[in-house]
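Below is one structure, written out as structure tokens; the observations come after it.
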Number of protein chains: 2
Amino acid sequence: MMDDSSCSEYLPETHETLSSWGHNLQQFNSQDSPFVLPLIPTNSCYFPTWPQEFSASRSHSEAEKRRRDRINAQLSTLRKLIPTSEKMDKAGLLRSVVEHVKDLKERAKETSTVLNTPSDIDEVIIEEEDESSNNNNILVKVSFSCDDRPELFSELNRGLKNLKLTTIEANITSLGGRIKCIFSLQSIKVVCTTHSLKHSLRVLLARIATSPSTSNFRIKSKRQRFFLLAS
Amino acid sequence: MMDDSSCSEYLPETHETLSSWGHNLQQFNSQDSPFVLPLIPTNSCYFPTWPQEFSASRSHSEAEKRRRDRINAQLSTLRKLIPTSEKMDKAGLLRSVVEHVKDLKERAKETSTVLNTPSDIDEVIIEEEDESSNNNNILVKVSFSCDDRPELFSELNRGLKNLKLTTIEANITSLGGRIKCIFSLQSIKVVCTTHSLKHSLRVLLARIATSPSTSNFRIKSKRQRFFLLAS
DNA sequence: GAGAACACGTGATCC
DNA sequence: TGGATCACGTGTTCT
């Protein structure tokens, strides 16, 4: 990587390169005051160790320049993402970035509380509904979020069928590569206990949520969605 | 603001303050190499101009420190907003901020296209519907977004009543301090022409959108929402 | 020691 | 002009 930092190449080829090698060197240039000889600071570079020191210093400053460039590159893409931040300084730009992230997070949260928006984390919520009112049936309400894929729905139906469950009501929302299903499911009590039913459902849904897609379907947004809407 | 940069106060009180005044000065400290006298660079500070130069340099470095601190403060609040960015360097943190802003914007856009979500910019869209099928009536569909406030709805009703408009269908969504109304409105042709009706509607809605709240209602989020969902 | 990351003071530039 | 902002090279620290 730093193959051009060898001792034989420590001399700058052009004035431009030289002038970019530090104002401290320029500051002591004898042209500025011919009667004042530059003194070498104790732990700085004098002749016998110049090449090494010089190339070390050069690689240091070059690495630092690369680091600055990486940071500034991200800052300029951020500037493109935030309207009205054209002529802001760095601190101002970052301040409005903070505002926007907060704002967008809050709006995502508001939207998800009002509407049936898929959450960013896989979740399975199972609650049984007024068991006392009906002696023969178990009625459970299931809320289920995971990554969406084409086979998911048929797998879900097959699994529910295997568990001898009847779908009373279903509300399915697919948004941004995520899916959220809210089911009202019914089971005959003699088939299984409420406890075992819940357990079977949980296993089924966990398997469906974590199993990879068997089709060559590519999820729309591969970016990791790790904003927890609840936070 | 810089009242402590006067010439009479250019001497540091403590070693801590001194040590923060630049490594160049320390580097030429006679303790380091007693036989090498520090030479003064041409345009640097020597005695007659020391106080001025010294305080100028000091205010410069202090201003620069304040600037760095402002930037770093924003960076650390950003770090709190982005999970899993605890141990990232600055460039990495900014890269994931870019990712998140892109992601959140895309999700806001997805949500708004699927659902009747209020847009961030005030907008009035009026289109007439199949005028030919009904000779006596003008049927217009109105989409309208603006800041929400308690009096808005009654103002809207009063305005529509004044225009002799009948509401056939209405879909109102209020979310995050913004409101979006979709109306299907009907008018008798003899009352006015389609053109003048559209004009009157546009004036009415523009007035309602821009008029300040007469109640002491405070909008929930005072942050300016200038993300254009369409972009 | 080599490399990466940070804070610092400084010259340049723009109002 | 002085105040603010930026890029730069450097000292320091951690791994």
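For clarity, every value in this text was computed on a predicted model and none was experimentally measured. Residue numbering restarts at 1 for every chain, and letters A, B, ... go by the order of the sequence lines. No hydrogens, no waters, no symmetry mates; every other heavy atom, side chains included, goes into these values.
In this structure, B:Asp69 places its CG atom 14 Å from P of D:dA4, rounding to the nearest Å. As a whole-Å value, the separation of B:Glu62 CD from C:dT10 P is 11 Å. Rounded to an integer number of Å, the gap from NZ of B:Lys87 to C1' of C:dC6 is 13 Å. Distance B:Arg68 CZ to D:dC8 P: 16 Å, rounded to the nearest Å.
With sequence neighbours excluded, the residues that form a side-chain contact (heavy atoms from CB on, under 4.5 Å) with A:Ile182 are A:Asn116, A:Lys141, A:Ser143, A:Asn171, A:Lys180. Applying the side-chain hydrogen bond (donor to acceptor under 3.5 Å, both in side chains) rule to A:Arg67 yields the partners A:Glu64; only residues at least two apart in sequence or on another chain are considered.
Close to D:dA4, at under 4.0 Å from its OP1 or OP2, lies no side-chain N or O of B:Lys65. For the OP1/OP2 pair of D:dC6 and a distance below 4.0 Å, the side-chain nitrogens and oxygens of B:Arg67 include at least one atom meeting the criterion. Dashed line: the shortest gap from a side-chain N or O of B:Ser57 to OP1 or OP2 of C:dT10 is under 4.0 Å.
Ion pairing of A:Glu155 with A:Arg149 is present here, as a side-chain N (NZ or NE/NH1/NH2) and a carboxylate O approach within less than 4.0 Å. Salt bridge A:Arg58/A:Glu62: present, at least one basic N to carboxylate O contact under 4.0 Å. Between A:Glu127 and A:Lys198, no side-chain nitrogen of the basic residue sits less than 4.0 Å from a carboxylate oxygen of the acidic one, so the salt-bridge criterion is not met.
The side chain of B:Lys90 sits closest to C:dC6 out of D:dA7, C:dC8, C:dC6.
In the interface, the side chain of A:Glu64 is paired with the base of C:dC6 through a donor and an acceptor atom under 3.5 Å apart. Looking at A:His60, its side chain comes within 3.5 Å of the base of D:dG11 through a donor and an acceptor atom.
A heavy atom closer than 4.0 Å to some atom of DNA chain D occurs in B:Arg70, these being the qualifying members of residues 70-80 of chain B.
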- [ ] Starting from the C-alpha separation in whole Å, work towards a yes-or-no answer on side chain to side chain contact (heavy atoms under 4.5 Å, CB included) for A:Ile179 and A:Ser145.
- [x] CA-CA 6 Å; A:Ile179 193 168; A:Ser145 274; over 6 Å; no
